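The block underneath contains the structure these notes are about, expressed in structure tokens.
Here the structure is a predicted model, which means the values were calculated and not measured. Note that the numbering runs from 1 along the sequence shown for the chain. Every number for a ligand or one of its atoms is a count from 1 in the order of the listing.
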Amino acid sequence: MRILVTAGPTREFIDPVRYLSNRSTGTLGYALAARAVVRGHAVTLITGPVTLTPPQGAAVVRIVSAADLAREALAALPDADAVVMTAAVADFTPADTHAHKLKKASAALTLTLKPTTDVLAEIGRRKRADQIVMGFCLETENGPAEARRKLASKNCDFIVLNTPANFGDVRESVTVFARGGDQTPLPPLDKPELAARLIGLIEAARGKE
Ligand code: CTP
């Protein structure tokens, strides 16, 4: 299978030295890419800025912003059999990026933000019936309801429901929601173990390879 994995945070620049970002470390995305390589799949890893070393054998595309990620992921989509969207894409980006470092001229500063492309939703709109799409959903409240809503609204085959407690190098317990209504709670697993389970679900959904 040809598997496209996106991982890590994006950075949305305010000026040449400041940006908006999030706590994503990319650990799960890199573990998924590594597991997919081990299973013999052809892996493309589109990664935001993280300190991890990509797995040997994966084709790596480095991106910075949500706009970069949208461009690269949508360009790679037609050649993918499966897409795993672990990237923590910024939902908003500054309406203007200042060419020069902002000076602290006044007591308060108001940033105006504009929405970014929802890459997963766009992938859901464009995907062929033979392509498997796995999205992730990080919630601090109403997790299951939000996961089911995103599964339908973003036309995904799987949504993996996560919590902020799972950031970084910890054991994760997540619940996987599948198209058709199946709901699979997974026990606390380290990221390589979780990655193996998730790649296994994608392989089973493709029913071959
Ligand atoms: N995602 C994306 N593009 C964005 C934002 C998110 O592709 N601009 C993807 C993430 O990679 C993840 C999924 O959407 O797989 C869910 O992200 P999440 O932040 O939980 O959900 P949102 O779509 O941002 O929804 P909301 O803000 O309503 O919770």
> For Glu193, does its backbone N or O pair with a side-chain atom of Asp190 as donor and acceptor, under 3.5 Å?
Replying inline: yes
>> Looking at Glu146 and Gly143, would you say the former's side chain and the latter's main chain have a donor-acceptor pair under 3.5 Å?
In response: no
> Do any nitrogen or oxygen atoms of Lys154 come within less than 3.5 Å of a nitrogen or oxygen of ligand 1?
Replying inline: yes
> Would you say Gly135 has any N or O atom under 3.5 Å from an N or O of ligand 1, going by distance alone?
Replying inline: no
>> Val89 versus ligand 1: do any nitrogen or oxygen atoms come within less than 3.5 Å of each other?
In response: no
> Closer than 4.0 angstrom: is that true for some heavy atom of Met134 and an atom of ligand 1?
Replying inline: no
>> As a test of understanding, state which of Thr44, Leu45, Thr47, Leu28 forms a side-chain contact (heavy atoms from CB on, under 4.5 Å) with Val5.
In response: Leu45
> Between Arg126 and Glu122, is a salt bridge (charged side-chain N to carboxylate O under 4.0 Å, His left out) present by the stated rule, with each step listed?
Replying inline: CA-CA 6 Å; Arg126 295 187 188 189; Glu122 187 55 36; 2.8 Å; yes
> Counting from 1, what ligand 1 atoms have a heavy atom of Asp91 closer than 4.0 Å?
Replying inline: 4 (C), 5 (C), 8 (N), 24 (O), 27 (O)
>> So for ligand 1, is Glu146 a polar contact partner (N or O within less than 3.5 Å, distance only)?
In response: no
> Do side-chain atoms of Asp79 reach the backbone of Ala76 as a donor and acceptor pair under 3.5 angstrom?
Replying inline: no
> Below 3.5 angstrom, do we get any N/O pair linking Cys137 and ligand 1?
Replying inline: no
> Backbone or side chain, does any N or O of Ala88 fall under 3.5 Å from an N or O of ligand 1?
Replying inline: no
Side chains of residues 86-105: which donor-acceptor partners sit under 3.5 Å, not counting sequence neighbours?
{"residue": "Thr86", "atom": "OG1", "partner": "Thr6", "partner atom": "O", "Å": "2.4"}
{"residue": "Thr93", "atom": "OG1", "partner": "Glu12", "partner atom": "OE1", "Å": "2.8"}
{"residue": "Thr97", "atom": "OG1", "partner": "Phe13", "partner atom": "O", "Å": "3.1"}

> Any idea which of Ala87, Cys156, Ala66 brings a heavy atom closest to atom 10 (C) of ligand 1?
Replying inline: Ala87
